[in-house]
Amino acid sequence: PKDTGILAELGKALEREQQHGQAAPLLERALRDRPDDVSLLLALADARVDQGRHTEAGELVERAYALEPTLQMKGRVASSLLLRCRYAEALQLVEEIIAEEPSTASSMVAVRVDSMSHLGRQEEALPLLDKEIERAPYVPGLRFPRAEIRLLNEQFGPGWDDYAFR
């Protein structure tokens with residue numbers, strides 16, 4: 001289609017259906033006409049992540065954040081930093097988000113713990129996971145990182161229990 005609106009919507013729909021190869025060119029074309037469209041930037045960023053192109057995805061997310069500097073968008077930037085192995089920056093951003101809005105601590109625990117673990121700070125990450133698991137005991141996404149930390153620290157019994165739970 002030649003209409004930018006149709007291109008944009010079709011590209012976003014294809015991305016939601018995980019048709020990244022088909023979505024990306026449409027989203028790119030739509031972005032040429034609408035370079036400040038946050039929804040297009042994020043849709044293309046998602047396509048790039050799914051294509052393993054994390055650097056490009058991160059740049060798109062940062063452009064979107066510059067246009068729409070919300071707390072939610074800041075969280076997306078933190079996640080994109082994590083995907084680009086920029087762990088210290090991701091952790092710093094997560095800490096800023098939590099300081100700005102303490103109620104986000106639970107939603108940011110995955111990025112926070114993953115960043116800490118990659119920085120060799122597993123002992124700090126473990127109590128955060130314990131607290132979240134106490135709050136939500138049946139969430140496998142919390143048990144697996146705790147399993148990894150426990151197994152790395154040779155706490156085999158509880159580590160394998162968490163691993164099996166996933």
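As a basis for the values below, the full set of heavy atoms in this structure was taken, side chains included, without hydrogen atoms, waters or symmetry mates.
- Counting heavy atoms from C-beta on, the side chains of Arg86 and Leu91 never come closer than 4.5 Å.
- Ion pairing between Lys74 and Glu100 holds under the 4.0 Å rule for side-chain N and carboxylate O.
- A donor-acceptor contact shorter than 3.5 Å links the side chain of Thr70 to the backbone of Met73.
- By the 4.5 Å heavy-atom criterion applied to side chains, Lys12 and Leu26 are not counted as neighbours.
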> Which is it for Phe156 and Glu154 under the side-chain contact (heavy atoms from CB on, under 4.5 Å) test, yes or no, and what are the steps along the way?
Replying inline: CA-CA 5 Å; Phe156 297 116; Glu154 299 181 4; 3.7 Å; yes
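- If you chain together hydrophobic residues whose side chains sit under 4.5 Å apart, Val38 and Tyr65 fall into the same group.
- Linking Ile, Leu, Val, Met, Phe, Trp and Tyr residues whenever their side-chain heavy atoms come within less than 4.5 Å places Val109 and Val111 in a single cluster.
- For Leu93 against Ala78, the heavy-atom pair with the smallest separation is CD2-N, 3.6 Å.
- If you take CG on Leu14 and CD on Gln22, they are separated by 5.5 Å, rounding to the nearest 0.5 Å.
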Report all side-chain donor-acceptor pairs from residues 28-35 shorter than 3.5 Å, counting only partners two or more places apart or in another chain.
from  : atom 1 : to    : atom 2 : distance (Å)
Glu28 : OE2    : Arg48 : NH2    : 2.1
Arg29 : NH2    : Pro1  : O      : 2.9
Asp33 : OD2    : Thr4  : OG1    : 2.5
Arg34 : NE     : Asp37 : OD2    : 3.2
Arg34 : NH2    : Asp37 : OD2    : 2.6

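- Within the 4.5 Å cutoff, no side-chain heavy atoms of Glu89 are placed close to those of Arg84.
- A donor-acceptor pair under 3.5 Å is absent between the side-chain atoms of Asp114 and the main chain of Ala110, judged by distance alone.
- Leu71 and Met108 fall within the same hydrophobic cluster, defined by Ile, Leu, Val, Met, Phe, Trp and Tyr side-chain heavy atoms under 4.5 Å apart, directly or through other members.
- In this structure the side chain of Arg76 reaches within 4.5 angstrom of the side chain of Asp46, judged on heavy atoms.
- The two residues Ile98 and Thr104 come nearest to each other via the heavy atoms CA-OG1, 3.8 Å.
- In the hydrophobic clustering of ILVMFWY residues, with side-chain heavy atoms under 4.5 Å counting as a link, Leu60 and Val77 come out together.
- Annotation: side chain of Leu82 is not in contact with side chain of Val94 (no heavy-atom distance under 4.5 Å).
- Under the ring-ring contact (aromatic ring centres under 6.0 Å, His included) criterion, the residue pairs touching residues 116-140 are Tyr87-His118, with sequence neighbours excluded.
- In this structure the side chain of Leu40 never reaches within 4.5 angstrom of the side chain of Leu44, judged on heavy atoms.
- Pairs passing the ring-ring contact (aromatic ring centres under 6.0 Å, His included) check and including a residue from residues 2-32, sequence neighbours excluded, do not occur.
- Evaluation of the side-chain hydrogen bond (donor to acceptor under 3.5 Å, both in side chains) rule for Ser106 yields Glu132, Arg135 as partners, not counting sequence neighbours.
- Listed here is the closest heavy atom pair of Ala57 and Ala45: CB-O, 3.4 Å.
- With 3.5 Å as the limit, one finds a donor-acceptor pair spanning the side chains of Ser103 and Glu101.
- Annotation: side chain of Leu129 is in contact with side chain of Pro145 (closest heavy-atom distance under 4.5 Å).
- Residues Gln51 and Ala24 share a closest heavy-atom pair of NE2-CB, 3.9 Å.
- Distance check: Glu68 CD to Asp36 CG gives 11.5 Å after rounding to the nearest 0.5 Å.
- Hydrophobic clustering, defined by side-chain heavy atoms of Ile, Leu, Val, Met, Phe, Trp and Tyr closer than 4.5 Å, groups Leu83 together with Val49.
- Minimum interatomic distance between Pro158 and Arg150 (heavy atoms only, all atoms of both residues): CB-NH1, 3.2 Å.
- In the hydrophobic cluster analysis, where Ile, Leu, Val, Met, Phe, Trp and Tyr join through side-chain heavy atoms closer than 4.5 angstrom, Leu81 is grouped together with Leu42.
- Note: Arg112 CZ to Met116 CE = 5.0 Å, rounded to the nearest 0.5 Å.
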>> Go through it in stages, so that I can follow the logic: the residues are Ile133 and Val139, the test is side-chain contact (heavy atoms from CB on, under 4.5 Å), and I'd like the CA-CA distance, side-chain angles, deciding distance and then a yes or no.
In response: CA-CA 7 Å; Ile133 290 169; Val139 178; over 6 Å; no
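- We find the CD-CG distance between Gln155 and Leu152 to be 10.0 Å, quoted to the nearest 0.5 Å.
- Taking the side chain as every heavy atom from C-beta outward, Asp162 and Phe144 never approach each other to under 4.5 Å.
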>> Under the criterion side-chain contact (heavy atoms from CB on, under 4.5 Å), I'd like the reasoning laid out for Leu67 against Leu41: C-alpha separation, chi angles, the key distance, then a yes or no.
In response: CA-CA 10 Å; Leu67 294 166; Leu41 289 165; 3.7 Å; yes
>> Applying side chain to side chain donor-acceptor pair (under 3.5 Å) to Arg121 and Ser117, what does each step give before you reach the verdict?
In response: CA-CA 5 Å; Arg121 296 170 52 184; Ser117 292; over 6 Å; no
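- Between atom CZ of residue Arg146 and atom CG of residue Leu128 there is a gap of 12.0 Å, rounded to the nearest 0.5 Å.
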>> For Asp130 and Leu126: C-alpha separation, side-chain torsions, deciding distance, then whether side-chain contact (heavy atoms from CB on, under 4.5 Å) applies.
In response: CA-CA 6 Å; Asp130 290 341; Leu126 199 52; 4.2 Å; yes
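- The two residues Ala125 and Ile149 have their closest heavy-atom pair at CB-CD1, 3.9 Å.
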>> Using the rule given for salt bridge (Lys or Arg N to Asp or Glu O under 4.0 Å), can you reason through Glu134 versus Lys131, listing the C-alpha separation, both sets of side-chain angles and the distance that settles it, and then say yes or no?
In response: CA-CA 5 Å; Glu134 190 175 301; Lys131 181 180 174 186; over 6 Å; no
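- His54 meets the ring pair (Phe, Tyr, Trp, His ring centres under 6.0 Å) test with no other residue; sequence neighbours excluded.
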